[in-house]
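Not measured: the values here are computed from a predicted model. To find a chain, count down the sequence lines: A is the first, B the second, and so on, and within it residues start at 1.
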2 protein chains.
Amino acid sequence: MDNDAPPALDAVVDLGPLPGLTGYALRRAQIAVFHDFHRTMEAEGIRTAQFSVLEVLKANPGLRQTQVSFALGIKTTNFVPLFDELERRGLAERRPIPGDRRAKGLFLTEAGRATLERLEKLVAEHEARFVARIGAAGKAQLLGLLHRLTDRTFDPDRS
Amino acid sequence: MDNDAPPALDAVVDLGPLPGLTGYALRRAQIAVFHDFHRTMEAEGIRTAQFSVLEVLKANPGLRQTQVSFALGIKTTNFVPLFDELERRGLAERRPIPGDRRAKGLFLTEAGRATLERLEKLVAEHEARFVARIGAAGKAQLLGLLHRLTDRTFDPDRS
DNA sequence: TCATGACAGTGATGGACAATAACGATCTGC
DNA sequence: GCAGATCGTTATTGTCCATCACTGTCATGA
């Protein structure tokens, strides 16, 4: 008897202290949520960072690149190709800023506004799936805790 | 009159619906926590994935690569160089498994065990910083909520 | 006025991390 | 003993984040 058990790839593995670590739990949850987000947005071909840029543009038309990328915690360097893509797809655009020829103001296009409306519906459904899991109260609690964690954990920036 | 105000790079920017989205809040928190982790581990030169592997090995000596990577949600493909590095640094090792010449069992070395003990102290301090922010009860709540979010959001795997 | 330094945006590049495709060696079941 | 699955590996690709170096523009003050 006794085969030594064919190793069962999904055998129960003791993760030790990992499940009790904030960072580990956060990472797993973030992966799960983003995975759902990506699947939700698959048809539209929009990724998280792109979506967040569109939202910021909607709320603050005319901001310069520096401001948008700073607000979202994206290096301006990396922001460039990200926005290039949005511009290439006709969802947003750079316009010259009257008083400063270095800077460029960022705006949604009409197509961008329309697209964003569709996206927001999808995001609402996406979000609803999580509320279904933890309840509205749970979500409120979660957001509160996360904000307390995030808020100035370290100084965010350029020295 | 009226200068149009020098744009103030950290001017208040309206993030629209983003702060209310689970995924956005999670991402920001995760970045903050990992940033702290990286700074904490900087001296030891250990990254999150490596740490998690070491912990799993400590809790389950002799597991095969497939099992460890599956348990941690890492593709075996990507697991290889990760473990190579741990082996190169003498913290862990692959050993042949008696009944199966394809498979390799993974173990901590003595050095690995010693290192891990130091790491765990650092991680405890790291963790304590967050408990200081949200309290022990807050952390318990947070972990509970995160687990409920994570747990089978989508089917976890291959296929 | 013009030289210097700061600033906005861009390009090129590299590291960490995830995913896919394909392969050699080995095991398993029929 | 052969077909098909499994284990580990290589190679390759794409995304994300970071650093460095550069251009063009501005602002200041000597």
Side-chain angles (χ1 to χ4, degrees), chain A residues 3-11 27-28 30-32 34-35 37-39 41 45-53 62-70 72-85 87 93-106 156-159, chain B residues 3-4 6-10 27-28 30-32 34-35 37-39 41-42 45-53 63-70 72-85 87 93-106 156-159:
Chain A
N3 40 13
D4 307 83
L9 305 113
D10 54 347
R27 171 173 164 268
R28 297 308 290 251
Q30 196 252 5
I31 289 175
F34 270 42
H35 188 273
F37 186 94
H38 289 137
R39 286 177 24 134
M41 294 307 196
I46 290 283
R47 273 163 291 114
T48 54
Q50 298 174 326
F51 174 74
S52 64
V53 170
L63 245 44
R64 25 182 95 195
Q65 299 196 181
T66 319
Q67 295 174 301
V68 175
S69 51
F70 178 85
L72 290 173
I74 304 172
K75 297 276 176 201
T76 66
T77 309
N78 303 320
F79 185 84
V80 173
L82 191 165
F83 197 84
D84 284 348
E85 165 78 3
E87 201 163 30
E93 58 183 0
R94 298 168 161 101
R95 296 191 206 152
I97 289 190
D100 190 337
R101 269 182 301 175
R102 292 171 301 179
K104 300 173 185 177
L106 305 184
D157 28 23
R158 40 324 191 28
S159 91
Chain B
N3 41 12
D4 306 85
L9 305 114
D10 53 348
R27 171 174 163 268
R28 297 308 290 252
Q30 196 253 4
I31 289 175
F34 269 43
H35 187 274
F37 186 94
H38 289 136
R39 286 177 23 136
M41 294 308 196
E42 196 161 58
I46 289 283
R47 273 161 296 112
T48 54
Q50 297 174 326
F51 174 74
S52 64
V53 170
L63 246 43
R64 24 182 97 195
Q65 299 196 184
T66 319
Q67 295 175 301
V68 176
S69 51
F70 178 84
L72 289 174
I74 304 172
K75 297 276 178 203
T76 65
T77 307
N78 303 320
F79 185 84
V80 173
L82 192 165
F83 197 84
D84 283 349
E85 165 79 3
E87 201 163 31
E93 58 183 0
R94 298 168 162 101
R95 295 191 207 151
I97 289 190
D100 189 337
R101 271 181 301 174
R102 291 171 305 178
K104 300 174 186 179
L106 304 184
D157 27 19
R158 38 318 198 42
S159 102

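Among residues two or more places apart in sequence or in another chain, the side chain to side chain contact (heavy atoms under 4.5 Å, CB included) test is passed with B:Arg47 by B:His38, B:Gln50. Residues passing the side-chain hydrogen bond (donor to acceptor under 3.5 Å, both in side chains) test with B:Arg101: none are found, sequence neighbours excluded. Remark: A:Phe83 pairs with A:Phe79 by the ring-ring contact (aromatic ring centres under 6.0 Å, His included) rule, at least two apart or across chains. Judged as a salt bridge (charged side-chain N to carboxylate O under 4.0 Å, His left out), and not counting sequence neighbours, the contacts of A:Arg102 are A:Asp100. By the salt bridge (charged side-chain N to carboxylate O under 4.0 Å, His left out) test, B:Arg94 is found to be paired with B:Asp84, B:Glu87, residues two or more places apart in sequence or in another chain being considered.
If you take CD of B:Glu85 and C1' of C:dA16, they are 12 Å apart, rounded to a whole angstrom. At whole-Å resolution of the value, CG in B:Asp84 and C1' in D:dT10 are 11 Å apart. Taking atom CD1 of residue B:Ile97 and atom C1' of nucleotide D:dC7, one finds them 10 Å apart after rounding to whole Å. Protein atom CZ of B:Phe83 is 18 Å distant from nucleotide atom C1' of D:dT10, rounded to whole Å. Between A:Phe34 atom CZ and C:dA19 atom C1' there is a gap of 18 Å when expressed in whole angstrom units. In this structure, A:Phe79 places its CZ atom 16 Å from C1' of C:dG11, rounding to the nearest Å. The interatomic distance linking A:Lys104 (NZ) with D:dT25 (C1') rounds to 12 Å, in whole Å. The distance from atom CD1 of B:Ile46 to atom C1' of C:dA16 is 15 Å, rounded to the nearest whole Å.
Among all heavy-atom pairs drawn from B:Ser52 and B:Leu72, the shortest one is OG-CD1, 3.7 Å.
Checking C:dC27, D:dG8, C:dG9 against every side-chain atom of B:Asp100, the shortest atom distance belongs to C:dC27. When the nucleotides D:dT9, D:dC7, C:dG9 are ranked by their closest atom to the side chain of A:Ala103, C:dG9 comes out on top. For B:Arg102, the side-chain atoms get nearest to D:dC7 when compared with the rest of C:dT10, C:dA8, D:dC7.
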statement: Each nucleotide of nucleotides 13-23 of chain D classed B (base within 4.0 Å of a protein heavy atom), S (only sugar-phosphate) or -, in 5' to 3' order, makes ---SBBBB---
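In this model, the phosphate group of C:dG9 is approached by a side-chain N or O of A:Thr66 to a distance below 4.0 Å at OP1 or OP2. Using a 4.0 Å cut-off, some side-chain N or O of A:Gln65 falls inside it from OP1 or OP2 of C:dT10. Within the structure, a side-chain polar atom (N or O) of B:Arg101 is placed less than 4.0 Å from OP1 or OP2 of C:dC27.
Partner B:Ser69 forms a side-chain contact (heavy atoms from CB on, under 4.5 Å) with one of B:Leu63, B:Val80, B:Val53, B:Ile74 and no other, that one being B:Ile74.
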